[in-house]
Amino acid sequence: MSRESGSEPGTNQGSPQGHDQGSLEMTSNIIGNISDFDNDGTLGFVVWHSIADVRITEGEVQALAAKHGMATAPKLGSISDAFRRATSASQKRDDNGKTRYLMRPVKDSAGEIVREIVIERVDTHGKKLAHFGAFRITFDGTDAQVEDISPAHTSQNEWTECHLLAERAVKNFKEFQRSLTGKELTRFAMKCMSAMSYINLRPNGGVYFVPRSKAESLESITKFFAELSQYKASSAPMIFSSAPVPNCPVQRDQIAEGVNMTVNSDIDQMIGKLADLREEIGSVRESTLSKKAEAVAELRQKAAMYSKILETENETLAARLDLLDQTIDALFDKHAEEQAKKTA
């Protein structure tokens, strides 16, 4: 490709990457249907997952979620976010340390986003010798347009390198419009798991426990991710698996340790949030305090549910939850006092 050819990036992109049918398929459950184990001999399920990037449209992911009875589906980012991601500062090239090709922001408004690919010439000590624009990429809210703004003194090699960077940005922009990253999908999975009252079985996460009463919801999300694996963007594994946990003393003790670790961690986080609110109580809305009170109530319900499952009482957790309730009540009282001062 030469500078004289006049070709513009993005004019011969080809069709979007298709579904990765030949790569490793995800196991929905290592033993069978989760619902088959919904009996008194099972405490619940140990769950683990490793989730990869996918290329999928909004309609496709919503249809998959609906098919498996899920109340919500992962949300794809906006088209403008796709452009920002494709033209981020991390998109750069380096020619043996002598010339740098960088993506730089020019404008970012509601109606227009502009990025410029600049050339930096440096000496052997890294001192900048020259800095000038070569290509401008503009997003108008619908599509990306590329403009060649390279000056006459741009070398053929410099122009080619910048052209490749612009071409890659346009290609990525098109792909990112139908992209869900593994991190985004993992956040979605953990949100679904929260609704199942999961607990951590390891301090750093990665292995979780879900109660037997949530078997139906667990089966739905497991089958959802199994089918989602057909849309993988690479050969990275897509795993969302579970196995039943037998109802026996040893397993109950292990789950009890997880409950203690998880709920105490949640309480610690809530204590920190309430301390921050206490410092700003004069400007805190009552609705904010109400949401925190609801979160504390959910923690109490979680602890009570696991006490019933494990047939044991955790007096330490109960005492800490009582203290949280007292803290919330004190914050409501303080908030009322501050509001009364403002209206006096």
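All values below were derived from every heavy atom in this structure, side-chain atoms included, with hydrogens, water molecules and symmetry-related copies excluded. Treat the numbers as computed from the prediction; the structure is a model and nothing was measured.
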Going by an N to O cut-off under 4.0 Å, is there a salt bridge joining [X] and [Y]?
X	Y	answer
Glu175	Lys171	yes
Lys273	Asp276	no
Glu338	Lys334	yes
Arg104	Glu116	no
Lys98	Asp123	no

Just checking, is any N or O donor in the side chain of [X] or [Y] under 3.5 Å from an acceptor N or O on the other one?
X	Y	result
Arg252	Asn247	yes
Asp268	Ser265	no
Asp148	Ser150	yes
Glu286	Ser290	no
Glu219	His68	no

>> Check the orientation of Trp159 and Phe135. Use parallel for under 30°, tilted for 30 to 60°, and perpendicular for over 60°.
In response: tilted

[X] versus [Y]: any side-chain heavy-atom pair under 4.5 Å?
X	Y	result
Arg85	Asn172	no
Ile51	Ile239	no
Glu158	Phe132	yes
Lys128	Glu120	yes

>> Distance to the ring centre below 6.0 angstrom and angle to the axis at most 45 degrees; does that hold for Arg55 and Tyr231?
In response: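 Judged by the rule, Arg55 and Tyr231 form no cation-pi pair.
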
> Tell me the side-chain hydrogen bond (donor to acceptor under 3.5 Å, both in side chains) pairs involving residues 293-315, sequence neighbours left out?
Replying inline: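 Pairs touching residues 293-315 that pass the test: Asn260-Asn314, Arg300-Asp322, Arg300-Asp325.
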
> Considering the options Val296, Leu277, Leu323, which one meets the side-chain contact (heavy atoms from CB on, under 4.5 Å) requirement together with Ile328?
Replying inline: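 The passing option is Val296.
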
> What pairs of residues pass the ring pair (Phe, Tyr, Trp, His ring centres under 6.0 Å) test when at least one of them lies in residues 202-222, not counting sequence neighbours?
Replying inline: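 Pairs touching residues 202-222 that pass the test: His49-Tyr208, Tyr198-Tyr208.
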
